[in-house]
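Fair warning: this is a prediction, and the values are worked out from it, not measured in the lab.
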Amino acid sequence: MDLTILLGELERVLARLDDAGIRHLSIAPADPAAAADRAATTGSATPTDDAPLPQGNGSELDAAPAPGELASRPASRGQRPPRFPLPAAVTQASLAPQWKGAGLALAELSTLEALQFNFRDCMACKLGATRNRLVFGTGCARPPLMFIGEGPGAEEDQQGLPFVGRAGALLAGLIAALGLTRDDVYITNVVKCRPPGNRTPEPDEIASCRPILLRQVELLDPRLIVTLGNVPLKALNPLAAGITKERGRTFAFGRWTVLPTFHPSYLLRNAAAIPTCWLDFRRAYREAYPAV
Ligand code: URA
């Protein structure tokens with residue numbers, strides 16, 4: 001595995017953040033002040049526990065395919081799954097007839113579109129009062145890989161899309177290094193509304209959003225879930241130790257397998273952790289796209 005290539009690629013992504021890099025991701029340029037604000041507080045600059053960063057094992061790197069090979073591998077689910085670009089604003093008119101009504105029981109919400117519509121005006125917790133836009137999630141409707149972050153930041157709150165700031169560009173860079181795009185995977189957060197000042201979501205806010213996240217997982221039925229940082233790790237596995245200890249250790253969540261890794265915001269401040277995180281990404285790819 002050529003780590004230099006990955007680091008070079010990530011450096012290029014980061015260097016283009018303010019203009020072409022962001023356009024490459026098909027998202028509007030980030031507000032630098034908001035991005036800096038976000039990077040300072042999300043995914044915490046250091047993991048919650050103080051243990052040294054775990055180091056990758058070289059043999060794992062050797063066994064993994066190179067980024068170039070990954071792009072040409074077919075997905076094990078046959079055809080590339082359909083894209084799932086939700087309408088920018090889901091309206092009654094855009095819904096199939098059976099969803100034309102609000103307040104449906106979760107089990108009745110049998111599509112992502114219906115789920116998103118049902119919660120479009122959610123005020124179940126205090127974040128509803130301060131958000132600009134509810135950030136539901138984006139990507140492919142039957143994704144081999146599902147990424148779960150912490151919660152929207154300022155840029156996400158403005159655009160209504162997850163991971164569109166600096167951390168998002170790094171996440172997209174890692175996904176691209178696997179030969180995938182944001183449209184090949186699904187990206188969402190534990191909480192769907194921005195915590196004011198980008199603070200860590202509080203337990204009642206996480207609990208309020210939990211039914212949405214669980215239904216997303218059920219409907220998307222990913223081959224592998226990758227949690228980014230401590231908040232989604234603890235949301236899916238409350239007994240887990242901190243991310244420093246747990247990263248790279250898979251666990252079961254219902255019938256799904258979860259692989260915890262570092263939050264991209266943490267990587268932005270601790271580039272030394274990128275190689276370890278990259279090991280997790282490659283492993284995630286191998287498990288989500290087994291060779292056919
Ligand atoms: N952007 C998100 O959507 N989620 C995070 O956890 C961080 C940035």
Side-chain angles (χ1 to χ4, degrees), residues 6-7 9-48 53 131 133 135-139 145-178 180-182 185-201 225-233 235 243-244 247 259-278 280-281 284:
L6 170 68
L7 291 173
E9 173 67 21
L10 290 176
E11 255 171 35
R12 277 193 294 281
V13 168
L14 292 171
R16 294 193 310 246
L17 271 182
D18 291 336
D19 41 69
I22 293 293
R23 277 200 297 277
H24 168 71
L25 298 175
S26 304
I27 54 185
D31 165 15
D37 180 31
R38 181 70 189 163
T41 51
T42 305
S44 55
T46 53
T48 52
L53 288 175
R131 69 157 182 257
R133 298 187 62 176
V135 180
F136 182 77
T138 183
L145 272 174
M146 175 180 187
F147 292 91
I148 305 179
E150 181 176 314
E155 194 63 32
E156 288 81 10
D157 179 60
Q158 287 299 324
Q159 294 192 34
L161 292 168
F163 282 101
V164 289
R166 274 169 55 84
L170 179 49
L171 177 62
L174 286 163
I175 291 170
L178 292 175
L180 301 172
T181 70
R182 285 171 64 107
V185 301
Y186 194 84
I187 304 174
T188 190
N189 286 301
V190 169
V191 295
K192 312 303 184 196
C193 301
R194 182 191 182 207
N198 298 339
R199 64 162 168 73
T200 303
I225 297 170
V226 177
T227 53
L228 304 168
N230 258 318
V231 170
L233 165 64
I243 186 63
T244 301
R247 72 130 283 276
L259 176 65
T261 193
F262 295 129
H263 193 284
S265 295
Y266 172 69
L267 300 179
L268 284 173
R269 300 183 147 241
N270 300 274
I274 291 177
T276 308
C277 186
W278 175 233
D280 296 336
F281 269 69

Contact summary for [X] and [Y], nearest pair of heavy atoms:
| X | Y | result |
| --- | --- | --- |
| Asn198 | Ala154 | OD1-N, 3.8 Å |
| Thr261 | Cys277 | OG1-SG, 3.4 Å |
| Ile175 | Arg182 | CG2-N, 4.3 Å |
| Ala167 | His263 | CB-CE1, 4.4 Å |
| Val185 | Leu180 | CG1-CD1, 4.2 Å |
| Arg133 | Gln159 | NH1-O, 3.2 Å |

* Using the ring of each side chain (for Trp, its six-membered ring), is Phe281 parallel, tilted or perpendicular to Trp278, with breaks at 30° and 60°? -> parallel
* Contacts of type side-chain contact (heavy atoms from CB on, under 4.5 Å), residue Ala284, not counting sequence neighbours -> Leu145, Leu224, Val226, Leu259
* Got a sec, which residues hit side-chain contact (heavy atoms from CB on, under 4.5 Å) with Cys193, two or more places apart in sequence or on another chain? -> Leu127, Arg131, Leu134
Going from [atom1] on [X] to [atom2] on [Y], what distance comes out if it is rounded to the nearest 0.5 angstrom?
| X | Y | atom1 | atom2 | answer |
| --- | --- | --- | --- | --- |
| Thr276 | Asp280 | OG1 | CG | 7.5 Å |
| Phe262 | Leu233 | CZ | CG | 11.5 Å |
| Thr227 | Phe147 | OG1 | CZ | 10.5 Å |
| Tyr266 | Ile274 | OH | CD1 | 10.5 Å |

Validation row: [X], [Y] side chains within 4.5 angstrom (heavy atoms):
| X | Y | value |
| --- | --- | --- |
| Val231 | Pro201 | yes |
| Pro195 | Thr200 | no |
| Val191 | Pro152 | yes |

* Under the 3.5 angstrom rule, does the side chain of Glu156 hit a backbone N or O of Gly153 as a donor-acceptor pair? -> yes
* For side-chain contact (heavy atoms from CB on, under 4.5 Å), just list the numbers for Phe163 and Leu228, CA-CA rounded to whole Å, side-chain angles, deciding distance to a tenth of an Å, and then say yes or no. => CA-CA 11 Å; Phe163 282 101; Leu228 304 168; 3.8 Å; yes
